[in-house]
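To start, the structure itself, in structure tokens.
The structure displayed is predicted, hence computed values, not measured ones. Naming convention: chains lettered A, B, ... in sequence-line order (proteins, then strands); numbering from 1 in each chain.
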Amino acid sequence: MESLRAEPTEGRCTFLSMYDDGYDHAAVERRWQEAWDDASAYRTPDDVEDPTYVLGMYPYPSGQLHMGHVRNYTITDAYARYRRMCGDDVLHPMGWDAFGLPAENAAKERDTSPRDWTFDCIETMKRQMESMGFGYDWEREITTCTPEYYKWNQWLFLRFLREGLAERRDAEVNWCPECETVLADEQVEGDDERCWRCETPVERRELEQWFLSITEYADELVDAIDGLEGWPDSVRQMQRNWIGRQTGTRLEFDVSGAGEEYGGVEAFTTRVDTIFGATFFALAPDHPITEDLTETDESVQAFLEHEADPEGDEPNGVETDLTATNPVTGEELPVFVADFVLSDVGTGALMGVPGHDTRDHVFAEKMGIDVRPVIAPAPDGGEAEPPDVSEEAYTEDGVLVNSGEYSGLESAEARERLTEDVDVADYHTQYRLRDWGISRQRYWGTPIPIVHCEACGAVPVPEGELPVELPEFINTTGNPLDAAEEWKQTACPDCGADAERETDTMDTFVDSSWYFLRYVSPDLGDAPFDLGRANDWMPVDQYVGGIEHAVMHLLYSRFVTKTLADHEGLEHREPFENLLAQGMVQLDGEKMSKSKGNVVSPQAIVSEYGADTARLFMMQAAQPERDFDWSEQGVQSAYRFLSRLKELVGAYAGGGIETTAETDSIAEYVEDETGAAVVVATEEYDGLVFNTAVREAQSLVSTLRQYREYAAVHEETFERALSVSIRLLAPVTPHVCEELWETLGEDGFVVDADWPDSDADRETAEKRRRLVENTREDVRQIVDVAGIDDPERIDIVVTPEWKHEALNVAIDSDAPNVIGALMQRDEIKRHGEAAAAYGQNLQESREALQRTLDPDTELDALESAAWLIEREFDADVRVLAAEDAPDDVREKAEPSRPAIDIVE
RNA sequence: GCGAGGGUGGCCGAGCUUGGACAAAGGCGGCGGACUUAAGAUCCGCUCCCGUAGGGGUCCGUGGGUUCGAAUCCCUCCCCUCGCACCA
């Protein structure tokens, strides 16, 4: 017992090989990983001109690769390998999103430092990546928590500052009490506003924060989405929503009352055409006027303290003693303070039009405010009839009614006229997008390179003094940088007086907003990236990652790219040309998660079945953008396939398969199938549809196994087909294909092999396949229905040429009756009765007629597939040209439908 | 509510862009057979219903429509997933 258990891996493989089941994946994979490494197979030299840039979103080094990573990186790896075999130079790098809160938490728990913990995790994950066989250029590896990297975050920040794109201001921020940090809006999740990391309810705090002015680029960010044709619609739509651009009119209402004159108060509306229907005016609970009112107006105060509920669905409000003057009608409107008016939307004040806005309608009903229709549905002719708005608002555009001189105008036109006519009105565009608050009160991030001086204020650290390095980690409850007294004390760069460093660090999305540029020149010491090379190599040709980054990371990256284009000479305004949002790996329809305990570990799969199996299963399970279920059966099926393939190639190379130099119809069939596989798989790889591509290769392998079983194989054909199969699979299962490439006696790595080529035409190939499949199906049906137990001979008779001609004539002809047209042709006419009958058929199904393969190709396809039928029914099969067949059989044949005669 | 994507045979999943050869590829599962002492692996076939020569019926979420013809195009509704949402 003891000796058997000494080497579990070996033991297992011996067991497997005894039964011809499986192969020693561990040995194969180790061997080729080392060989690739020795040969620097994935190195991209700096002097290549414009490599195909394939990138997976770099991971946060949490310590373990999970299935999501494996899927993500298998997709990029397979694509990178495919492009490389097609002859492209390929840039396929990997790095680490190494800053972030979990490292701090882990450090506290384990009494270590975030740095040590992070580098441990990186080492582990890097090893796991290597064991998966991902072909990265590790010489371009980047790690964002190193001073060599984050120096350039600081540099970037200073450039933003210089260009007026960074500023410090007081802001109410989302504060997570658990993480003791500020969160970006994007990091607050759900209706109940919880922290994205720890799910603690988020609080609000006023703090001085650094902001990057992403809103300056809001228009370009939203407009350029239209040009991102290589991106999924879902992501494009999410970005549009997030930016939330709205165009409308900003106009002033004079507000006064209770002895105060507030003058013009701005309100924003997208529906200025409804202004004649405005019957109230409303202010946000934290609008300056509201704040002023709380001093004097007890009912407002009471409302704010007891009733206002901005989170609730009900619109609540209280009437004030103020009135607002409608700038168009001069009407005096009652002013309310209402909790559904949000200070960060528009101007925090709005005109209420209950007749044409659902929410205003609900509020008006509740408060007893007038409801007045001023927009009517466009009439079909005649007068516009005001809609009944007593129960429900009419929110569509239409024609203005009850609107003085504007009555009769269409909504769109009225909006223009009103905005132009009214002095205190202006076109205005507003956005949902806010500036990007990047300050974080944490240790494990990029220090913001600022010094606070009592005399000079916030002073940027001079570029020459970068990086501002992080001090040693101090285990404390608050911000460790605040506790690092020695580090904090410094001199003001301007006046030299004693000053303190900024103790906030940057949001880690800063790191990831430009990392794809760093790969271009990862060791460059005097700039974040080599400009010339970036101009040549960017944009990323294929970016792959999870949908969870659809907004933040991708939007920030686009923003930063645009600022670099405007200020640093980058010649690209968009970082990612094609984007693939990969689907989830699930278990029983549920997302894998530690808390649910339904996690399948990639490591376990790799040690049991090998990386190639894991990769193959993932890629064949579904299209990359779809979710799919992990399935043990699927994994086993993938594993068995690889074993069979290995056996087949091994048998061939070892002389275990009988060969012949004579070519025949079977060889022709295999040749055609090989060509078809190449054409189809290539197209599918191009479109990243790996599941279909892989299936094509698998079915070719299965054809080869049938061939080998059935006859002595034509050496050249068989070998080429094997070589093609291996190459078609190599992007997905690189190790085993490398091994088989060697077994087959090919030179060099399959990684560097030429992608197979074929002049086959996909459409013809598919027609041939269909013809063969349908014919086989027909034979089965006949045998079955006619109760033929043991057919002795099967004749398959191809349609005579004249019927093909007749079909083509019928398709081309626009004569009312096709029989006439047919009979004008002697070669058809001379078939007399038969021609007339077939013509009748054609006439009846005139519209449904389809072009078919020509008779020679048909004959050829059937002849080469005859062995499949022979094998299946164990009978002689003759494929006959029409002229070689008896009349009564031949007559039944039609194009794409050969006549079948079975002799018992 | 708005927006995006999706609903295919026992299950998974192609196909719908460019309607026709679609009872609808492939895989898995199930059934039968070959091989085997046996199991496993492998191979062959079957796997919606009826049918003694390739036929017929029903079918691709629901209900309509366009068409000679619809899984494929259009509309209605239902359901699922995701994103946004008291956005003025």
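- Contact annotation for R770(A): backbone-only contact, meaning every heavy-atom pair under 4.0 Å involves sugar-phosphate atoms and none involves a base.
- Partner assigned to A39(B) is none, using Watson-Crick or G-U wobble distances below 3.5 angstrom.
- The stretch residues 687-706 of chain A touches RNA chain B through N691(A), R695(A), R705(A), Q706(A), each having a heavy atom under 4.0 angstrom from the strand.
- Side-chain nitrogen and oxygen atoms of R236(A) include none within less than 4.0 Å of the OP1 or OP2 phosphate oxygen of G83(B).
- Nucleotide C2(B) has G83(B) as its partner under the Watson-Crick or G-U criteria, with both atom distances under 3.5 Å.
- Backbone-only contact: Q623(A) has heavy atoms under 4.0 Å from sugar-phosphate atoms and none from a base.
- Both F268(A) and E709(A) sit near RNA chain B, but only E709(A) has its closest nucleotide nearer the 5' end.
- Atom pair D627(A):CG and U81(B):P shows a separation of 12 Å (rounding to whole Å applied).
- Note: CZ (R644(A)) to C1' (C43(B)) measures 10 Å, nearest angstrom.
- Nucleotides C86(B) and G15(B), compared at atom P, are 38 Å apart to the nearest Å.
- Taking atom P in both C2(B) and C75(B), one finds a spacing of 16 Å when rounded to whole Å.
- Going from the C1' atom of U72(B) to that of A23(B) covers 16 Å, rounded to whole Å.
- Residue D339(A) places its side chain closer to C86(B) than to any other of C86(B), G54(B), G45(B).
- Distance CG (N241(A)) to P (G3(B)): 10 Å, rounded to an integer number of Å.
- Looking at heavy-atom distances under 4.0 Å, R626(A) makes contact with sugar-phosphate atoms alone, never a base.
- Using a 4.0 Å heavy-atom criterion, one finds that V779(A) contacts no nucleic acid atom at all.
- Residue N316(A) is out of contact with every strand shown, counting any heavy-atom pair closer than 4.0 Å.
- The CZ-P distance, from R776(A) to G54(B), rounds to 20 Å in whole Å.
- Nucleotide C31(B) is matched to G45(B) when pairs are restricted to Watson-Crick or G-U wobble geometry with both distances under 3.5 angstrom.
- Across all strands shown, U17(B) forms no Watson-Crick or G-U wobble pair with both distances under 3.5 Å.
- Across every strand in view, U67(B) sits unpaired, with no contact that passes the Watson-Crick or G-U test at under 3.5 angstrom.
- Under the 4.0 Å criterion applied to side-chain N and carboxylate O atoms, E870(A) and R878(A) are not assigned as salt-bridge partners.
- Checked against C87(B), G45(B), A4(B), the side chain of D233(A) finds its nearest nucleotide in A4(B).
- Spacing between C31(B) and A24(B) at atom P, rounded to whole Å, works out to 24 Å.
- Applying the salt bridge (Lys or Arg N to Asp or Glu O under 4.0 Å) rule to pairs touching residues 617-639 of chain A yields nothing, sequence neighbours excluded.
- Between R271(A) and D397(A), at least one side-chain nitrogen of the basic residue sits less than 4.0 Å from a carboxylate oxygen of the acidic one, meeting the salt-bridge criterion.
- If you take CZ of R871(A) and P of A34(B), they are 18 Å apart, rounded to a whole angstrom.
- Nucleic acid contact for L342(A): base, since at least one base atom lies under 4.0 Å from a heavy atom of the residue.
- Contact between the side-chain N/O atoms of R897(A) and the OP1/OP2 oxygens of G55(B) is found at a separation under 4.0 Å.
- Regarding contacts with the backbone of G26(B), every side-chain N or O of R769(A) stays at 4.0 angstrom or more from both OP1 and OP2.
- Ion pair K646(A)/D24(A) not flagged as a salt bridge, since none of the NZ, NE, NH1 or NH2 atoms sits closer than 4.0 Å to an Asp/Glu carboxylate oxygen.
- Of the two residues contacting RNA chain B, namely S637(A) and T269(A), the nearest-nucleotide position lying further toward the 5' end is that of S637(A).
- A salt bridge is absent between E709(A) and R871(A); no separation between the charged side-chain nitrogens and carboxylate oxygens falls under 4.0 Å.
- Listed by chain and number, the residues in a side-chain hydrogen bond (donor to acceptor under 3.5 Å, both in side chains) with E684(A) are R762(A) (sequence neighbours excluded).
- C16(B) and A71(B): their C1' atoms are spaced 7 Å apart (whole Å).
- The shortest distance between the side-chain N/O atoms of N774(A) and the OP1/OP2 oxygens of C22(B) is below 4.0 Å.
- Comparing the same atom, P, in A25(B) and in C60(B) gives a spacing of 16 Å after rounding to whole Å.
- The nearest whole Å value for the distance from the OH atom in Y23(A) to the P atom in A41(B) is 18 Å.
- The CD atom of E673(A) sits 12 Å away from the P atom of G26(B) (whole-angstrom rounding).
- Using a 4.0 Å heavy-atom cutoff across all strands shown, R851(A) reaches at least one base atom of the nucleic acid.
- The pair D426(A)-R250(A) does not meet the salt-bridge criterion, since no charged nitrogen lies less than 4.0 angstrom from a carboxylate oxygen.
- Note on A621(A): only backbone sugar-phosphate atoms sit closer than 4.0 angstrom, heavy atoms only; bases stay farther off.
- For N241(A), there are no side-chain hydrogen bond (donor to acceptor under 3.5 Å, both in side chains) partners, not counting sequence neighbours.
- Residues satisfying the side-chain hydrogen bond (donor to acceptor under 3.5 Å, both in side chains) test with D888(A), not counting sequence neighbours, are none.
- Checking the phosphate oxygens (OP1, OP2) of C46(B), a side-chain nitrogen or oxygen of R780(A) falls inside 4.0 Å.
- Within 4.0 Å of P898(A), counting heavy atoms only, lies at least one base atom of the nucleic acid.
- Among the atoms of the strands shown, base atoms are found under 4.0 Å from some heavy atom of I902(A).
- Closest to the side chain of Q237(A), from the set C84(B), G3(B), G51(B), is G3(B).
- Nucleic acid contact for E777(A): none, since no nucleic acid atom lies under 4.0 Å from a heavy atom of the residue.
- In this structure, E314(A) pairs ionically with K366(A), as a charged nitrogen and a carboxylate oxygen lie closer than 4.0 Å.
- For C35(B) and U81(B), the C1' atoms lie 48 Å apart once the distance is rounded to whole Å.
- In this structure, Y431(A) places its OH atom 15 Å from C1' of C87(B), rounding to the nearest Å.
- Comparing the P positions of G57(B) and G51(B) gives an interatomic distance of 16 Å, to the nearest angstrom.
- The salt bridge (Lys or Arg N to Asp or Glu O under 4.0 Å) test applied to R245(A) returns D219(A), D223(A), not counting sequence neighbours.
- Counting atom types as modelled, Q850(A) pairs a side-chain N or O with a base atom of G20(B) as donor and acceptor under 3.5 Å.
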